[in-house]
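Each residue takes its place number in the sequence, starting with 1.
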Amino acid sequence: QVQLVESGGGLVQAGGSLRLSCAASGLTFSRYAMGWFRQAPGKEREFVAAISRSGARTNAADSVKGRFTISRDNAKNTVYLQMNSLKPEDTAVYYCAADLGAIPGPRPSQYNYWGQGTQVTVSS
């Protein structure tokens, strides 16, 4: 059974940092591109960042470029999202997802598995 478990969310002031982790089990982690998405109340789920199987290629939404960094450790079956210079508009539930494809893309429909999410709240 595939499980993706996010952690690291919480309450932080604007300008602060958080590091999210997503631990994967039940799959061959190195065969999956991984992505982070977020969903704010009343809004659709949106792409944040993605990383290829080896970690050599990354992709990020314009809204987070220069502030957020995605990385992975295939030995630990874990993908990370380092979030710096947080803004109130970054408040959302953050989800990690696994995609059996090779290219880390922005479309939720291409991802095969999803975690339950972790809440990030940024106060002004």
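Inter-residue side-chain proximity for Ile70 and Val79 is flagged as met; some heavy-atom pair is nearer than 4.5 Å. Residues Val48 and Leu81 form a side-chain contact, since some pair of their non-hydrogen atoms from C-beta on lies under 4.5 Å apart. The shortest distance between side-chain heavy atoms of Tyr80 and Asp73 falls below 4.5 Å. Looking only at side-chain heavy atoms (C-beta outward), Arg38 and Phe47 stay at 4.5 Å or farther from each other. Put simply, the side chain of Val12 does not reach to within 4.5 Å of the side chain of Thr121, judged on heavy atoms. Here the side chains of Leu86 and Phe68 are in contact, with some heavy-atom distance below 4.5 Å. Proximity of Met83 to Arg67: side-chain heavy atoms (C-beta onward) are nowhere separated by under 4.5 Å.
The disulfide (SG to SG under 2.5 Å) contacts involving residues 45-74 comprise nothing, where partners must be two or more places apart or lie in separate chains.
Between the Thr118 side chain and the Gly9 main chain, a donor and an acceptor come within less than 3.5 Å of each other. The backbone N or O of Gln39 sits nowhere less than 3.5 Å from a side-chain atom of Glu46 that would complete a donor-acceptor pair. Between the Gln3 side chain and the Ser25 main chain, no donor and acceptor come within less than 3.5 Å of each other. Arg53 contributes no side-chain N or O that, together with a main-chain N or O of Ser30, makes up a donor-acceptor pair within less than 3.5 Å. The main-chain N or O of Arg107 is never found under 3.5 Å from a side-chain atom of Ser109 such that the two would form a donor-acceptor pair.
Taking both residues in full, the closest heavy atoms of Asn74 and Asn77 are given as O-OD1, 3.1 Å, listed atom of the first, atom of the second, then distance. Minimum heavy-atom separation, Glu6 to Leu4: OE1-O, 3.9 Å. Nearest heavy-atom pair, Ala33 versus Pro104, reported as atom, atom and distance to 0.1 Å: CB-CA, 4.2 Å.
Tyr95 and Leu20 are members of different hydrophobic clusters when ILVMFWY side chains are connected at heavy-atom separations under 4.5 Å. Hydrophobic clustering places Leu18 together with Tyr94 (ILVMFWY residues linked when any side-chain heavy atoms are closer than 4.5 Å, directly or through intermediates). In terms of hydrophobic clustering, with Ile, Leu, Val, Met, Phe, Trp and Tyr side chains grouped at heavy-atom distances under 4.5 Å, Val93 and Trp36 are assigned to different clusters. Hydrophobic clustering places Leu100 together with Leu27 (ILVMFWY residues linked when any side-chain heavy atoms are closer than 4.5 Å, directly or through intermediates).
As a member of the Ile/Leu/Val/Met/Phe/Trp/Tyr network built from side-chain separations under 4.5 Å, Val5 groups with nothing else and remains a singleton.
Phe37 and Trp114 have tilted rings, their planes meeting at an angle from 30° to 60° on a 0 to 90° scale.
In the displayed structure, Gln116 atom CD is contacted under 6.0 Å by at most 12 heavy atoms of other residues, nucleotides or ligands.
Between the OG atom of Ser71 and the CE atom of Met34 there is a distance of 11.5 Å, given to the nearest 0.5 Å.
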Would you give me the side-chain donor-acceptor pairs under 3.5 Å for residues 55-66, sequence neighbours excluded?
{"from": "Asp62", "atom 1": "OD1", "to": "Lys65", "atom 2": "NZ", "distance (Å)": "3.3"}

